[in-house]
There are 2 protein chains.
Amino acid sequence: MKVAELAKSLGTTADSVRYYTRLGLLKPAKSVNGYKSYSNKEVSRLKFILSARNLGFSVADIKEIINESEDGKSACPLVRSLIKERLEETEKQFQAMLALRGKMSSALSRWEEMEDKAPTANMVCHLIENFEQIKKA
Amino acid sequence: MKVAELAKSLGTTADSVRYYTRLGLLKPAKSVNGYKSYSNKEVSRLKFILSARNLGFSVADIKEIINESEDGKSACPLVRSLIKERLEETEKQFQAMLALRGKMSSALSRWEEMEDKAPTANMVCHLIENFEQIKKA
DNA sequence: CTTAGACCTGTGTCTAAGACACAGGTCAAG
DNA sequence: CTTGACCTGTGTCTTAGACACAGGTCTAAG
């Protein structure tokens with residue numbers, strides 16, 4: 001299988017496959033013409049990678065997991081520990097986005113009733129520069 | 001003012017100040033020793049940048065806004081239009097994170113009751129590789 | 001057999017927003 | 001004058017691929 005075939009068969013892009021290959025997560029054989037040749041083993045390997053990405057693991061995580069399993073060890077403990085970390089990070093980012101969304105949405109609605117102003121020497125845009133202060137008041 | 005002074009006075013890092021300077025958002029004078037010298041105008045300019053970043057504008061957005069205001073025009077219409085875009089993006093990412101958080105959390109709790117398994121030729125980790133399928137069942 | 005065109009390949013570069021490393025410069029104390 | 005602490009600018013690194021590009025491959029027509 002060539003790179004684009006593999007990618008299409010699992011609904012991803014050739015560039016992603018190339019990226020995983022560059023990192024050593026996939027190890028295709030070299031075809032005579034220099035093209036990379038992917039076997040069925042690579043197909044299930046890629047399937048694993050995509051599942052893990054979909055669950056929030058980073059590519060570095062996946063590399064670590066694969067390394068562990070290639071040593072013959074069970075990767076399950078590592079997997080549980082990694083997802084705990086990733087979930088905590090996701091939770092933090094989620095809260096941050098929640099707060100940001102609120103701020104943006106309140107800014108947007110407030111700004112719609114405010115007039116335009118020309119910039120001055122020390123003010124680029126009064127909408128932005130007065131936003132936090134108004135909030136305090 | 002030197003870069004670190006400016007940064008500390010507004011609670012950011014010297015690297016950020018250098019970054020904004022590199023992009024031309026800040027235009028310090030050159031001191032005799034080659035160091036960059038920031039004036040009071042730069043202080044309010046940086047204050048503006050930090051406020052805008054805090055509201056979810058990208059650095060590229062901020063550059064555009066500053067350019068507009070340096071032409072003497074009011075940046076307000078641009079600011080309103082940009083925040084609408086950014087808010088939509090944020091909303092999308094927020095929904096994606098919400099879904100991801102749910103998936104991760106359900107994976108974590110399910111995996112805690114599942115046993116470890118050694119890898120096989122076509123399976124790296126059964127926790128991950130069976131997750132979607134179990135969900136369907 | 002040759003040629004044209006369509007498609008595909010690997011490699012290298014680019015992204016956002018800074019963080020980090022590092023060689024060298026500056027400054028105050030001794 | 002020198003030591004050491006701190007500071008500076010520049011250059012490289014980060015994620016997870018997307019994109020550009022020169023060249024290779026393959027199929028169909030002549």
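Just so it is clear: chains get the letters A, B, ... in the order the sequence lines come, proteins before strands, and each one is counted from 1.
- The shortest distance between the side-chain N/O atoms of K36(A) and the OP1/OP2 oxygens of dT11(C) is below 4.0 Å.
- Put simply, R18(A) has no side-chain N or O that comes within less than 4.0 Å of OP1 or OP2 on dT11(C).
- At a cut-off of 3.5 Å, with distance as the only test, a side-chain donor of Q95(A) or E91(A) sits close to an acceptor on the other residue.
- We find that OH of Y19(A) is positioned 16 Å from P of dG12(C), with the value rounded to whole Å.
- When the C1' atoms of four end pairs are superposed on the next four at each end of the helix from dC1(C)-dG30(D) to dG30(C)-dC1(D), using five pairs per end, the two resulting axes differ in direction by 40°, to 10°.
- Here the nucleotide nearest the side chain of T13(A), chosen from dG10(C), dA18(D), dC7(D), is dA18(D).
- The distance from atom CE of M1(B) to atom P of dT8(D) is 11 Å, rounded to the nearest whole Å.
- Residue D15(A) places its side chain closer to dG17(D) than to any other of dG17(D), dG24(D), dG18(C).
- You'll find that the side chain of K2(B) is closest to dT8(D), out of dT12(D), dA17(C), dT8(D).
- K92(B) and E89(B) are not joined by a salt bridge, as no carboxylate oxygen comes within less than 4.0 angstrom of a charged side-chain nitrogen.
- Atom CD1 in I49(B) sits roughly 16 Å away from atom P in dA16(C) (whole-Å rounding).
- Side-chain contact between R45(A) and L26(A) is present, with at least one heavy-atom pair separated by less than 4.5 Å.
- Atom pair R22(B):CZ and dC20(C):C1' shows a separation of 11 Å (rounding to whole Å applied).
- N54(B) places its CG atom 14 Å from the P atom of dA17(C), with the value rounded to the nearest Å.
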Item checked: Test log, rule side-chain hydrogen bond (donor to acceptor under 3.5 Å, both in side chains), inputs T120(A) and N122(A) -> CA-CA 6 Å; T120(A) 70; N122(A) 53 354; 3.3 Å; yes

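- Comparing dG9(D), dG17(D), dG18(C) by their nearest atom to the side chain of V3(B) picks out dG9(D).
- Taking the side chain of V59(B) as heavy atoms from C-beta on, and the options dA18(D), dG10(C), dG18(C), the nearest nucleotide is dG18(C).
- Contact check on E88(A) versus R101(B) returns no salt bridge, with no Lys/Arg side-chain nitrogen under 4.0 Å from an Asp/Glu carboxylate oxygen.
- Nearest to the side-chain atoms of S58(B) among the listed nucleotides dG9(D), dA17(C), dG17(D) stands dA17(C).
- Under the 4.5 Å side-chain criterion, counting only non-hydrogen atoms from C-beta, K103(B) is in contact with N54(A).
- Between Y20(A) atom OH and dA18(D) atom P there is a gap of 9 Å when expressed in whole angstrom units.
- The distance from atom CG of L23(A) to atom P of dA16(D) is 9 Å, rounded to the nearest whole Å.
- K47(A) has its side chain out of reach of E129(B): every pair of non-hydrogen atoms, C-beta onward, lies at least 4.5 Å apart.
- For the residue pair T13(A) and D15(A), no side-chain donor N or O sits within less than 3.5 Å of a side-chain acceptor on the partner.
- When the P atom of dC7(C) is taken as reference, atom OH of Y35(A) falls 14 Å away, rounded to whole Å.
- Residue S16(A) has its side chain nearest to dG17(D) when only dG17(D), dG18(C), dG24(D) are considered.
- Residue R53(A) is in sugar-phosphate contact alone, with no base atom involved, counting any heavy-atom pair closer than 4.0 Å across all strands shown.
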